[in-house]
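Working notes, beginning with the structure itself.
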Protein chains: 2
Amino acid sequence: MSGGVEWAVHCCVVLSEAEGPVPAQRLAEFHGISRTYLAKHLQALSRAGLVSSTEGRVGGYVLTRPADQVTVLDIVLAVDGREQAFRCTEIRQNGPLPASAEACARPCGVARVMHAAEQAWRASLKQVTVADLAAGVTADVGAGTFPALRDWLAGQG
Amino acid sequence: MSGGVEWAVHCCVVLSEAEGPVPAQRLAEFHGISRTYLAKHLQALSRAGLVSSTEGRVGGYVLTRPADQVTVLDIVLAVDGREQAFRCTEIRQNGPLPASAEACARPCGVARVMHAAEQAWRASLKQVTVADLAAGVTADVGAGTFPALRDWLAGQG
DNA sequence: TTTAACGCGGATGACTGATGTCCGCGATTA
DNA sequence: TAATCGCGGACATCAGTCATCCGCGTTAAA
């Protein structure tokens, strides 16, 4: 699992609490991470339609949907891609006793188990929204966190 | 997710249906995969205690436990390691507004969500045993599959 | 007793993907 | 006109996967 997912989720939480477009420069500075590399992941979020970007001088990123309609799964799939982590190489078709062609119409039992587990993983991520995460931050580190964030964002602009 | 997991699971299914120790050579030949590389994964299974190895001339691998007491999760953890796929880099402690030390006693909300999803993934893999997979093979490709496998294994010995 | 088959672990190299940077382009605003 | 910003491609680096080979000790058959 790529580390860019962590950055992207944290950025979405920040965007959900910001009042206007936030440029990648600010997001990177706020999180203490690489600006150029974070830009890649933000562009992936933009291509997936999760965030909207405004170009030009006072540009930046805004959440496209309300925070309670953006799940963590949405972000993970946008950054890490939609393909399954398990890739069946069909080794049942190899060797001296290969499976018949008609038996290979459906995926093999091993692949089915792996894909079911991945579905469970995705279902778990789908249950949590960016709004839930933002509420968790307030509960964890205090109600003053996001006002302070907004002040810092405004002070930089 | 490493491809060696797929090999290891298939090998465990074969071992569950074999009558005696099966050497890595046979397992690799049967699946049409690299012998030397498969040996690495089998050694990982051995270190994890899932299979027992007998050295020497007629050596090979045997399942240590009954097939209905070996879960797919056991195999995955043995081959791919027991660490979580998501690694929190604690970016909440970076930047101009770092989280306080006491707030960082517990993992952050993002990490909690990711770890919960991984737990769901593991729980799903834990529900399926090697015996279940073997039964699935019989259902998918016919009851004659494992007898033919045993014949082939005996014929090579 | 010799030989061949086998498991084990370390060293090694190729390859793939993740990570990270840089540059040029077009858009927008001061 | 200049500065800021998003976008995409090219590029370099690095870690992990994939795969091979070697030497060692073990065991059973010839």
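In this structure, A/L38 atom CG and D/dC5 atom P are separated by 14 Å, rounded to whole Å. Remark: C1' of D/dA19 and NE2 of B/H31 are 18 Å apart, rounded to the nearest angstrom. The distance from atom CG of A/L153 to atom P of D/dC5 is 12 Å, rounded to the nearest whole Å. For the pair B/I33 CD1 and D/dT20 P, the computed distance is 11 Å after rounding to whole Å. Per the geometry, CH2 belonging to B/W7 stands 14 Å off P belonging to D/dT17, to the nearest Å. We find that CD of B/E29 is positioned 10 Å from P of C/dC6, with the value rounded to whole Å. Going from atom CZ of B/R35 over to atom C1' of C/dC8 covers 12 Å, rounded to whole Å. Counting to the nearest Å, the C1' atom of D/dT4 and the CD atom of A/Q25 are 10 Å from each other.
Take the nearest nucleotide of DNA chain C for B/V22 and for A/Y37: the residue whose nucleotide is more 5' is B/V22.
In this model, the phosphate group of D/dG6 is not approached by any side-chain N or O of A/S53 to a distance below 4.0 Å at OP1 or OP2. At D/dT20, one or more side-chain N or O atoms of B/S34 fall inside 4.0 Å of OP1 or OP2 (strictly under the cut-off). Between B/S46 and C/dG7, a side-chain N or O to OP1/OP2 separation shorter than 4.0 Å is absent.
Note on A/D140 versus B/R112: salt bridge recorded, some NZ/NE/NH1/NH2 to OD/OE distance being below 4.0 Å. Ion pairing of A/R150 with A/E17 is present here, as a side-chain N (NZ or NE/NH1/NH2) and a carboxylate O approach within less than 4.0 Å. Taking a cutoff of 4.0 Å between a charged side-chain nitrogen and a carboxylate oxygen, A/K126 and A/D74 do not qualify as a salt bridge.
Contact annotation for B/A39: no contact, since no heavy-atom pair falls under 4.0 Å across all strands. Within the 4.0 angstrom heavy-atom criterion, only backbone atoms of the sugar-phosphate kind lie near B/S2; the bases stay farther away. A/R47 comes within 4.0 angstrom of the backbone, heavy atoms only, and of no base.
Taking hydrophobic clusters as Ile, Leu, Val, Met, Phe, Trp and Tyr residues chained together by side-chain heavy-atom distances below 4.5 Å, A/L38 shares a cluster with A/L149.
Between A/V76 and B/M114, the closest side-chain pair of non-hydrogen atoms falls below 4.5 Å.
Checked by distance alone, B/K40 brings no side-chain donor or acceptor within 3.5 Å of a matching partner on the base of C/dG7.
Comparing atom distances between the B/A24 side chain and each of D/dT20, C/dG7, D/dC5 picks out C/dG7 as nearest. Among the nucleotides D/dG8, C/dG20, D/dC21, the one closest to any side-chain atom of A/Q43 is D/dG8.
A donor-acceptor contact shorter than 3.5 Å is absent between the side chain of B/D80 and the backbone of B/L77.
In this structure, A/W152 and A/F30 have tilted ring planes: the angle between them lies in the 30° to 60° band.
Proximity of residues 57-66 of chain B to DNA chain C (heavy atom under 4.0 angstrom from any strand atom) is restricted to B/R57, B/G59, B/G60, B/Y61.
Counting only N and O atoms by type, the side chains of B/T89 and A/E6 include a donor and acceptor under 3.5 Å apart.
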